[in-house]
Amino acid sequence: MAEAADIQGTGPSPARRWLRRTITVAFGAPLLAGLLQAPVVASPAVAEDATGSRTVDVSLDTLTPSAPVEGDTVTVTGTVTNRGKKTVTDATVNLRVGPRMTSRSEIEQVTGRTGFRNDSDPAPLEDAPTVKIPRLGAGLSADFSLSVPVSELGLDEEGVYQLGVSLTGQTSDRQYDRVLGIERTFLPYEPEAAEKKTQLTYLWPLIASAHVSAETATDDQQTPVFENDDLAAELRPGGRLDQLVALGKDLPVTWVVDPDLLASVDAMANGYRVKDGDRDVPGRNQAVAERWLDALEKAVQGHKVVALPFADPDLASLAHRGKDVPGSLGHLQSATALAGMTVETVLHVPASTDFAWPADGAVDPSIVAVATSAGADKVIARSDSVRDDLPYTPTAARPLGNGSTTAVVSDALLSTAFEGDMVRTENSTLAVQKFLAQSLAITLEQPEDQRSIVVAPQRMPSVAQAQSMATALEGLSGKRWTQPTDLLAAAAAKPDPDASTAVPSSSRYPKKLRDRELPVQAFRDMKTTRDELDDFKVVLTQPERVVTPFGNAIDREMSTSWRGEARAAAIYRNNVLDYLQTLTKGVQLVDKSDLTLSGRSATIPVTVQNKLLQGVDGLVLRLTSANKNRLELNGEAFAELPVKVGGGHSQSVKFTASANVNGQVPMTAQLYTEDGTPYGQPMNFTVRVSEITPTVMLVIAGGVLLLVLAGVRMYSQRKRVAARNAEAEAAEDGTVEEDPASEPGQDEPGQEETGGDEPVQPSDPTPDTPDTGSESGGPSGPGEKVDR
C-alpha cells in the first residue's frame with residue numbers, strides 16, 4: 001500500500017531493515033525474560049517515560065513557514081499547560097528535530113504517539129534558543145515562541161522530518177530534570193523544485209442541506225417557501241458558505257457544486273417566504289443571497305466546475321435500499337439532467353455532469369451500477385475502498401470493472417486530513433503539517449515517475465475546516481513538489497498499469513456507512529408521494545406549477561446530507577406528502593344527505609368542489625347504484641359524466657335515475673382520472689325509492705272519497721226530485737194499478753206504461769246525465785213500476 005511505502009533511496013533496504021528487526025528480537029528476548037524473572041528497580045529515566053512525560057500538555061499553535069527553504073527562519077509558537085497536581089519548576093521549552101521519515105506509514109505512526117520516547121525522539125537542538133519557565137503551578141499555562149534558522153535545524157537532505165517541542169523540568173516529588181511533555185509535528189523540506197512534480201487535484205465542495213419545502217406562494221411567480229431561514233446564516237459574511245467562496249476564489253481547486261444550493265440561493269435572491277408556524281412570512285435576506293451569488297460567480301471564473309446531480313442524491317442508499325422500489329432510479333436521471341442547466345443558468349459557466357461521488361468515496365458493484373445509470377461515466381472513489389497493494393501511491397484514474405467506467409480514486413489520508421475539530425489552533429496546525437508531509441512523501445516515493453493524485457475532502461466542511469484546507473493549499477503554493485490540476489485532467493491522466501481496477505465486493509462496504517443510509521421506508525415514502533403527484537398532475541390545467549416544486553422536493557428527500565439525520569429526513573418527507581395531500585383534497589365531492597325519489601324517474605345531483613387556484617380537467621365522476629333492479633342509471637348500474645371545474649368554483653353534475661321497485665338503495669359517487677385511476681375518497685349516500693309516497697296516497701284517497709260522497713248525494717237528490725215529479729203527474733192524470741193475474745196478453749208485473757211517449761223508469765238517468773247503456777226493449781221485471 002502507498003501508506004506503507006518507503007521513500008526510495010532514503011533509508012536502509014528492506015533486507016537490512018528485516019535483519020535489524022531480527023537482531024533486535026534475538027537480543028531482546030533473553031533480556032525480557034530476565035526482567036520478568038527478577039524484581040526491577042526502574043531508573044528515573046524509565047519511570048518518567050512511563051508516567052511523567054504527559055504531565056504537561058504542549059500545544060503548537062503556529063509553525064511558520066509551514067514548508068521552509070534555505071534561508072528561512074522557522075518559528076514555532078504555542079502554550080504549555082500543567083495538567084498534573086504538582087508545581088513544575090526550572091522548566092525549559094526546546095526544539096527537537098529528526099529523524100527523517102522514510103515512508104507514509106511512518107508519518108502515521110508518529111502521529112499516533114503521545115508520551116516522550118527515548119528510542120525515537122531526538123535530543124534537543126544544540127545551541128538553539130530555548131524558553132525558560134521558572135515556575136508553572138498546577139492547572140496554569142504559559143506561552144512560548146521559538147525561532148531557529150533553517151541552517152541550524154540539521155536538515156541534511158530533502159524529505160519529511162519530525163519536529164518536536166518538549167518541556168523539561170522538575171516537580172516537588174521528583175527534583176531532577178526529565179521530559180514532562182512533548183508534542184510532535186512534521187517539517188516538509190524540499191529546498192529545490194522536484195524534477196517530476198506530483199499532479200494534485202483538490203476538490204472544493206459547495207454543498208448544503210435541503211432548506212426549500214414543496215410549498216409555493218399563490219402568486220404568479222410561485223414564490224418558494226423555505227422550511228427555515230438557516231441558509232442565510234451560512235451565506236452571511238463569516239458564514240460557512242461565505243468562507244468557502246472567499247477562500248476558494250484564490251486557490252487552485254475544482255469546484256464541486258450541488259445545483260440545488262444554487263437554485264435555493266437564487267430563489268432567495270428573487271424573493272422568498274419562510275414558514276412561521278401554520279403560516280409563512282416574507283424572507284428578509286434577499287440582499288445576502290444576491291451578494292453571495294455575485295461573489296461565487298466571480299470566484300468560479302477560470303476554474304473547472306463539476307455539477308453533482310440535483311440535491312446530491314445518496315447513491316449508496318439508492319443502491320442498497322432504494323433501487324428495488326419502483327421509480328427511484330428515475331429521479332436520479334432527472335436530477336442529473338437538471339444539474340448542468342441549473343449551474344449554467346445561475347453562474348453562467350459550463351459544468352461537467354459526468355462525475356458521480358458516493359458518500360466517503362466508498363463503492364461496491366451496486367453503487368457503481370447506480371452511479372452510472374444516469375449517464376455518469378466517472379466515479380470519485382477513495383483509496384480506503386479501492387485499495388492498491390503497491391509500495392507507492394499510484395495515479396488516481398484507472399478503468400473500473402469492465403472498463404466502461406473510470407474510477408478517480410482520491411487519496412484517503414489527504415482527503416480525511418481536515419476532518420474533526422479544526423477550531424483549536426493546535427489541531428489545525430498539526431493537520432496542515434501532516435497534509436504537507438504526506439504530499440511530499442508521495443512525490444519522494446517514485447521521484448522518477450510523475451503521478452496524478454486527487455483529494456476529495458468531506459462534503460460540507462465547517463468554517464474552521466475550510467480555513468485549514470486553504471492554509472494547506474497555500475503551503476503548496478511554492479509548487480516545489482506538487483503541481484495543481486483540475487478534476488477533468490486528473491480523470492484523463494494515463495492510468496498506472498499496476499493500479500487496482502477491481503470493484504470492491506459488497507461485503508467490504510463499511511458497516512458504519514451502511515448504518516447511516518436512508519432506510520427502505522424512505523424510498524417507499526418517496527414512491528407514495530410520486531404516485532400521488534402523478535395522479536394529481538393529470539387533472540390540472542397548469543400541471544407545471546405543481547410538478548416542478550414537488551419533483552425538486554422528492555429529489556431533496558434523497559440527498560446525501562440526510563446521513564445521520566434520520567428524524568429530520570422523515571419530518572421533511574412527511575411535510576412534502578402532507579402538503580401534496582392537502583392540495584389533492586382541494587378537489588373533492590361535497591357530502592350529500594340521503595335523498596327520497598318520488599315517481600319512476602328523477603335527477604340526482606352530485607357537487608364537485610375545486611378549492612385550488614387553477615382549474616381541473618380530465619376528471620370523470622362515476623355514480624354507482626348498489627341495486628340496479630331497484631334503481632338504475634341510464635339503464636345500467638352506474639353512469640359516468642366528465643368534470644371540468646374552474647379554480648375556486650364548484651360544479652353540480654346531474655344523473656338521470658329510474659326507479660323500478662320501492663325501497664332504499666345505497667349510492668356511491670367516485671371521481672376518476674381519465675385512465676380509470678380513482679381520485680380522492682368516495683362519497684356514499686342513500687336514495688329512498690317510492691312511486692307514491694304515503695302523504696300523496698292520503699291526499700288522493702281523501703279526494704276520491706269526497707268525489708264518491710258528492711256523487712251519492714247528487715244521485716239521491718235527483719231520485720227524490722224524479723219521484724216527486726212522478727207523483728204530481730199521477731195526481732193530475734190518474735194511475736191504474738192492475739193485478740199481476742190480469743188478462744192474458746197484458747204487460748208483466750212492475751212495469752209502467754205511459755201514454756203517448758215511451759215510459760220513463762225512475763231509475764233511468766235524467767237527460768242531464770251521461771248515458772250509461774242502451775235501454776232494454778223487453779218486458780219489465782217483476783215488482784218494477786211502469787209509469788204511464
Side-chain angles (χ1 to χ4, degrees), residues 60-77 107 150 153 155 158-161 163 185-206 243-256 295 298-305 393 396 410-411 413-415 417-418 422 425 427-444 447 450-457 461 463-490 493:
L60 304 183
D61 295 336
T62 65
L63 193 162
T64 56
S66 57
V69 295
E70 293 181 2
D72 286 341
T73 296
V74 175
T75 299
V76 181
T77 66
I107 295 174
V150 170
L153 292 176
L155 309 180
E158 63 185 16
V160 178
Y161 290 83
L163 175 65
T185 187
F186 306 99
L187 199 63
Y189 183 60
E190 181 75 10
E192 297 180 359
E195 183 178 351
K196 297 291 182 68
K197 301 175 185 178
T198 300
Q199 301 291 315
L200 187 141
T201 299
Y202 205 103
L203 307 187
W204 201 251
L206 210 59
Q243 285 293 289
L244 282 169
V245 172
L247 295 169
K249 66 183 178 66
D250 298 322
L251 297 174
V253 296
T254 297
W255 295 83
V256 180
K298 295 176 181 177
V300 299
Q301 298 301 318
H303 292 74
K304 296 296 183 182
V305 178
T393 305
S410 64
D411 187 84
L413 291 177
L414 298 182
S415 298
F418 303 103
M422 294 291 119
T425 307
N427 292 346
S428 176
T429 299
L430 296 179
V432 169
Q433 295 305 125
K434 179 181 174 182
F435 179 90
L436 297 176
Q438 287 283 0
S439 64
L440 177 56
I442 291 173
T443 301
L444 296 178
Q450 186 176 58
R451 285 156 291 149
S452 175
I453 63 173
V454 173
V455 181
V463 171
Q465 290 170 343
Q467 291 171 344
S468 299
M469 290 157 51
T471 301
L473 289 175
E474 289 167 358
L476 295 175
S477 60
K479 303 178 182 178
R480 294 196 298 277
W481 64 84
T482 61
Q483 178 73 37
T485 187
D486 59 74
L487 184 60
L488 276 68

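This chain uses plain numbering: 1 for the first residue, then up along the sequence.
The shortest heavy-atom contact between Ile107 and Phe186 is O-CZ, 3.3 Å. Pairing each heavy atom of Asp61 with each of Thr429, the nearest pair is O-OG1, 2.5 Å. The heavy-atom pair separating Pro65 from Val74 by the smallest distance is CD-CA, 4.2 Å. The two residues Pro188 and Leu436 come nearest to each other via the heavy atoms CG-CB, 3.8 Å. Between Gly475 and Ala67 the shortest heavy-atom distance is O-CB, 4.2 Å. Closest approach of Gly248 and His303 over heavy atoms only: O-NE2, 4.3 Å.
Separation of atoms OG1 (Thr425) and CG (Leu430) is listed at 10.5 Å; rounding is to 0.5 Å. For the atom pair Lys249 NZ and Leu251 CG, the distance stands at 9.0 Å (nearest 0.5 Å). In this structure, Leu444 CG and Ser439 OG are separated by 9.5 Å, a value rounded to the nearest 0.5 Å. Note: Met469 CE to Gln465 CD = 8.0 Å, rounded to the nearest 0.5 Å. Atom CZ of Arg451 and atom CD of Gln199 lie 11.5 Å apart (nearest 0.5 Å). Separation of atoms OH (Tyr189) and CG (Leu163) is listed at 14.0 Å; rounding is to 0.5 Å.
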Verdict with reasoning, Val69 to Arg480, per side-chain contact (heavy atoms from CB on, under 4.5 Å): CA-CA 10 Å; Val69 295; Arg480 294 196 298 277; 3.2 Å; yes
Intermediate values then yes/no, side-chain contact (heavy atoms from CB on, under 4.5 Å), Ile453 and Ile442: CA-CA 9 Å; Ile453 63 173; Ile442 291 173; 3.8 Å; yes
Step-by-step side-chain contact (heavy atoms from CB on, under 4.5 Å) determination, Leu63 to Val432: CA-CA 10 Å; Leu63 193 162; Val432 169; over 6 Å; no
Stepwise side chain to side chain donor-acceptor pair (under 3.5 Å) check, Thr198 with Thr443: CA-CA 6 Å; Thr198 300; Thr443 301; 2.7 Å; yes
From CA spacing to verdict: side-chain contact (heavy atoms from CB on, under 4.5 Å), Gln467, Met422: CA-CA 9 Å; Gln467 291 171 344; Met422 294 291 119; over 6 Å; no
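Judged by distance alone, the side chains of Thr64 and Thr75 never bring a donor and an acceptor atom under 3.5 Å apart.
Among Val305, Thr254, Val245, Leu244, the single residue meeting the side chain to side chain contact (heavy atoms under 4.5 Å, CB included) criterion with Trp204 is Leu244.
The closest side-chain heavy-atom distance from Ser415 to Val455 is below 4.5 Å. No side-chain heavy atom of Glu158 sits less than 4.5 Å from a side-chain heavy atom of Trp481.
Counting non-hydrogen atoms of other residues, nucleotides and ligands closer than 6.0 Å to CD of Gln301 gives a total above 12.
Ring geometry, Phe435 versus Phe418: the interplanar angle falls from 30° to 60°, so the pair is classed tilted.
The backbone N or O of Val454 lies less than 3.5 Å from no partner atom in the side chain of Thr201, so there is not a single donor-acceptor pair. Between the side chain of Gln433 and the main chain of Leu187, no donor-acceptor pair closer than 3.5 Å is present.
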